[in-house]
Peer 1: 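Sharing a structure with you now.
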Amino acid sequence: MKVKILTIFPELFPGFLGSSLTGKALKEGKWSLDVVNIRDYAFDKHGSVDDTPCGGGAGMVMRPDVLGEAIKANHQSGERIIYMSPRGKVFNQEMAKELSLEKNLTIICGRFEGIDQRIIDAYEIEEVSIGDYVLTGGEQAAQILLDASVRLIEGVLGNSESVEDESFENGLLEHPQYTRPIDWEKKSVPEILLSGHHKKIKEWRLQQSLEITKQKRPDLYKKYLDLQKV
Ligand code: SAM
């Protein structure tokens with residue numbers, strides 16, 4: 001996956017994507033990151049990228065002419081292009097899987113009050129949100145989206161780190177996890193996990209997943225039950 005990031009804070013990349021699994025995969029060339037400074041496309045010596053909102057109001061808006069030049073110089077038509085935006089479709093595991101299969105991906109990180117609407121319309125840009133709250137910039141959001149997507153690229157996770165049992169894989173939250181020591185501060189690991197009985201352990205884990213999802217995410221639980229009926 002070749003990722004292009006359009007930002008006015010290029011120094012924020014790779015950020016946490018440069019560590020751990022995503023960092024190792026980046027070094028190994030399993031994905032690449034090309035960070036474009038939008039200010040390089042500004043028309044004045046100050047590198048101005050924003051202006052006041054038409055119609056008045058607080059803050060500044062990212063100019064379409066400058067951002068447009070950055071897009072034209074770095075993005076090929078037909079490739080997927082995303083603008084990180086609180087107004088977008090809310091990112092989830094399903095979208096992470098879909099993105100992990102993309103060969104090319106351009107991500108625009110907004111700042112200030114966001115980007116001029118004409119850019120979104122002209123390039124048919126997909127707006128993606130990472131949740132119902134407002135961040136100061138799209139860089140943090142882009143890194144979260146990439147972290148979740150890159151770890152799903154084939155070969156990034158080792159065999160021992162299968163995604164199969166993870167939260168959202170079967171529409172449920174993950175069962176509780178335990179490790180050694182078996183006894184800790186008078187609390188023990190559930191006996192079934194020490195039994196070596198794989199079928200029973202699997203059943204117990206599913207039961208726990210169902211219970212946890214029902215309690216913590218009734219919306220997911222309902223969706224899961226509805227899907228079982230189909
Ligand atoms: N005025 C915008 C609004 O009310 O929708 C918020 C702008 S925010 C201060 C600046 C930038 O942060 C946005 O352009 C976007 O790129 C990014 N951003 C903020 N919250 C986000 C979220 N929940 N998901 C994705 N990107 C977000």
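For ligands, and for the atoms within them, numbers begin at 1 and follow the listed sequence.
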Peer 1: Need the ligand 1 atom indices (1-based, order shown) with element for anything under 4.0 Å from a heavy-atom of Y83.
Peer 2: 13 (C), 14 (O), 16 (O)

Peer 1: Identify, for atom 16 (O) of ligand 1, the protein heavy atom at the shortest distance, and state residue, atom and that distance.
Peer 2: M84 O, 2.5 Å

Peer 1: Tell me the contacting part of V128 for ligand 1: side chain, backbone, both, or neither, using a 4.0 Å heavy-atom threshold, strictly below.
Peer 2: backbone

Peer 1: What residue and heavy atom of the protein are closest to atom 27 (C) of ligand 1, and at what distance?
Peer 2: P86 CD, 3.7 Å

Peer 1: N/O to N/O below 3.5 Å, does that happen between C109 and ligand 1?
Peer 2: no

Peer 1: If you link ILVMFWY side chains whenever their heavy atoms are less than 4.5 Å apart, which other residues fall into the same cluster as L194? By chain and number, please.
Peer 2: Y178, I182, V189, I192, L193, I201, W204

Peer 1: Can you list everything that forms a side-chain hydrogen bond (donor to acceptor under 3.5 Å, both in side chains) with K45? Sequence neighbours excluded, please.
Peer 2: none

Peer 1: Below 4.0 Å from any atom of ligand 1, is there a heavy atom belonging to F91?
Peer 2: no

Peer 1: Which heavy atom of the protein is the closest neighbour of atom 25 (C) of ligand 1, given with residue, atom name and distance?
Peer 2: S85 N, 3.4 Å

Peer 1: Do me a favour and list the nearest non-hydrogen protein atom to atom 10 (C) of ligand 1 with residue, atom name and distance?
Peer 2: F112 O, 3.3 Å

Peer 1: For atom 23 (N) of ligand 1, what's the nearest protein heavy atom and its distance?
Peer 2: Y133 O, 2.8 Å

Peer 1: D132: heavy atom below 4.0 Å from ligand 1, yes or no?
Peer 2: no

Peer 1: Heavy-atom contacts with G110 under 4.0 Å: which atoms of ligand 1 show up? List them by number with element.
Peer 2: 11 (C), 12 (O), 14 (O), 16 (O)

Peer 1: Quick one: nearest non-hydrogen protein atom to atom 8 (S) of ligand 1, plus distance?
Peer 2: L135 O, 3.2 Å

Peer 1: Could you identify the single nearest non-hydrogen protein atom to atom 2 (C) of ligand 1 and state the distance to 0.1 Å?
Peer 2: E113 O, 3.6 Å

Peer 1: Just to confirm my output: which protein heavy-atom neighbour is closest to atom 4 (O) of ligand 1, and how far is it?
Peer 2: V134 CG2, 4.7 Å

Peer 1: Please identify which atoms of ligand 1 are closer than 4.0 Å to at least one heavy atom of A141.
Peer 2: 25 (C), 26 (N)

